[in-house]
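This report refers to the structure that appears directly beneath it.
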Amino acid sequence: MSTTTESQLRRTRGIIGVLPYLLDIVVPLVSYYVLTSVGLSPFWSLLTGGALTTVVSIVNTIRRGKIDNLGILVIVEIALGLVLDLAVRDPRLTLARGSLFIALAGVWILVNTFTGRPITVDATKPFAAKKGGTDGIVAFEWLARNSPRFLRIHRSLSTVWSVMFLAYAAVRVVVIYRVTISEAVWLTEVPGVIAIAVCLIASARAGKQLEALVTDRMEHLPDESA
């Protein structure tokens, strides 16, 4: 494969990887302003946008092919969010409760960072499958069980994600209670875009290191099986 073609494939995978995050931002924004413009209340407009985003999250969970720790986290947040929204029916709280679940996600990731399998391990495993097929998965799982460097990279990456989630959650709450609802709907996404950008840059850097480890491990598989 030529360098140009490989570079194009990397950019395509990058765009596909970012798409779910873009949908999480665009769908609630567009639905809120469209629905409020036709007379729907801010609360129901926000709830509808959240429901549409939930559909996207469920589809992404199904695409991963199994319910892992990340999938469980998404499902729990969806269920709790709907119950809280319908119980309180406060548009400002409907916006703010997103911060609660973002913070919970940050804590979840941080706690898993110090286990034998940080949450980013399962999140990055599909890339090993795309890159190396069955051998890639075998190499990936061996590294997850036996490589201190592999786990250090994942723990560093998990820490970045958790810190960004917690910072984003805190900034959202400040914004929501200092500006109008109409302003908060879009303004709360600004720190989110920054946080996601930082996480994606960190993931790209970690991904290169992890890919090198998996590739190196794959080269040793034939020798072990011989």
Side-chain angles (χ1 to χ4, degrees), residues 10 13-14 16-25 53 56-58 60-78 80-81 98-132 136-173 189 191-218:
R10 286 181 181 274
R13 287 196 295 266
I16 293 173
V18 172
L19 185 59
Y21 302 105
L22 293 178
L23 290 175
D24 284 344
I25 294 172
T53 306
V56 175
S57 297
I58 292 174
N60 289 334
T61 300
I62 293 173
R63 284 179 57 200
R64 283 196 294 269
K66 69 173 184 176
I67 304 298
D68 52 23
N69 285 342
L70 189 59
I72 293 172
L73 178 62
V74 170
I75 291 172
V76 170
E77 288 186 353
I78 289 170
L80 290 176
S99 294
L100 170 62
F101 299 124
I102 292 169
L104 287 175
V107 172
W108 181 300
I109 295 170
L110 187 61
V111 170
N112 276 273
T113 297
F114 301 101
T115 65
R117 193 178 182 92
I119 201 168
T120 53
V121 173
D122 287 326
T124 56
K125 185 175 178 179
F127 293 99
K130 290 179 181 179
K131 186 71 176 180
I137 291 296
V138 172
F140 186 93
E141 287 295 342
W142 186 94
L143 290 166
R145 293 190 303 269
N146 300 285
S147 173
R149 186 184 174 199
F150 182 88
L151 290 177
R152 279 198 303 271
I153 294 170
H154 273 289
R155 289 188 175 119
S156 296
L157 180 59
S158 292
T159 300
V160 171
W161 276 84
S162 63
V163 169
M164 287 297 101
F165 273 46
L166 292 170
Y168 175 32
V171 173
R172 282 187 88 255
V173 172
E189 301 298 347
V193 170
I194 296 172
I196 289 172
V198 172
C199 290
L200 290 177
I201 291 170
S203 297
R205 295 183 63 179
K208 292 180 181 178
Q209 299 176 61
L210 294 169
E211 182 178 339
L213 290 175
V214 171
T215 300
D216 180 70
R217 184 62 195 170
M218 286 172 59

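The basis for the numbers below is simple: all heavy atoms, side chains too, and nothing from hydrogens, waters or symmetry mates. Along the sequence shown, residues carry numbers from 1. These numbers were taken from a predicted model, which means no experiment stands behind them.
Residues Gly136 and Met218 come closest through the heavy atom pair CA-SD, 3.8 Å. Counting all heavy atoms, side chain and backbone alike, Leu151 lies closest to Ala144 at CD2-O, 3.8 Å. Looking at every heavy atom in both residues, Phe165 comes nearest to Gly106 through CB-CA, 3.7 Å.
Separation of atoms CG (Asn146) and CD (Glu141) is listed at 10.5 Å; rounding is to 0.5 Å. Note that CD of Glu211 and CZ of Phe127 are 10.5 Å apart. Values are rounded to the nearest 0.5 Å. Note that CG of Leu157 and CD of Gln209 are 10.0 Å apart. Values are rounded to the nearest 0.5 Å. Rounded to the nearest 0.5 Å, atoms CD1 (Ile119) and CD1 (Ile109) are 5.5 Å apart. Note that the CD1 atom of Ile137 and the NZ atom of Lys125 stand 5.0 Å from one another [nearest 0.5 Å].
For Leu210, the side chain to side chain contact (heavy atoms under 4.5 Å, CB included) partners are Phe150, Ile153, His154, not counting sequence neighbours. For Tyr168, there are no ring-ring contact (aromatic ring centres under 6.0 Å, His included) partners, not counting sequence neighbours.
Under a 3.5 Å cut-off, the side chain of Ser158 and the backbone N or O of Thr113 do not form any donor-acceptor pair. The backbone N or O of Asn112 lies less than 3.5 Å from no partner atom in the side chain of Arg155, so there is not a single donor-acceptor pair.
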For this session: Starting from the C-alpha separation in whole Å, work towards a yes-or-no answer on side-chain contact (heavy atoms from CB on, under 4.5 Å) for Val121 and Phe140.
Result: CA-CA 9 Å; Val121 173; Phe140 186 93; 3.6 Å; yes
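If you run side chain to side chain contact (heavy atoms under 4.5 Å, CB included) between Ile196 and each of Leu200, Val198, Val193, only Leu200 comes through.
If you check the side chains of Trp142 and Ser147, you find no donor sitting under 3.5 Å from an acceptor.
Between Arg172 and Glu189, no side-chain nitrogen of the basic residue sits less than 4.0 Å from a carboxylate oxygen of the acidic one, so the salt-bridge criterion is not met.
Arg205 CZ: 12 or fewer foreign heavy atoms inside a 6.0 Å radius.
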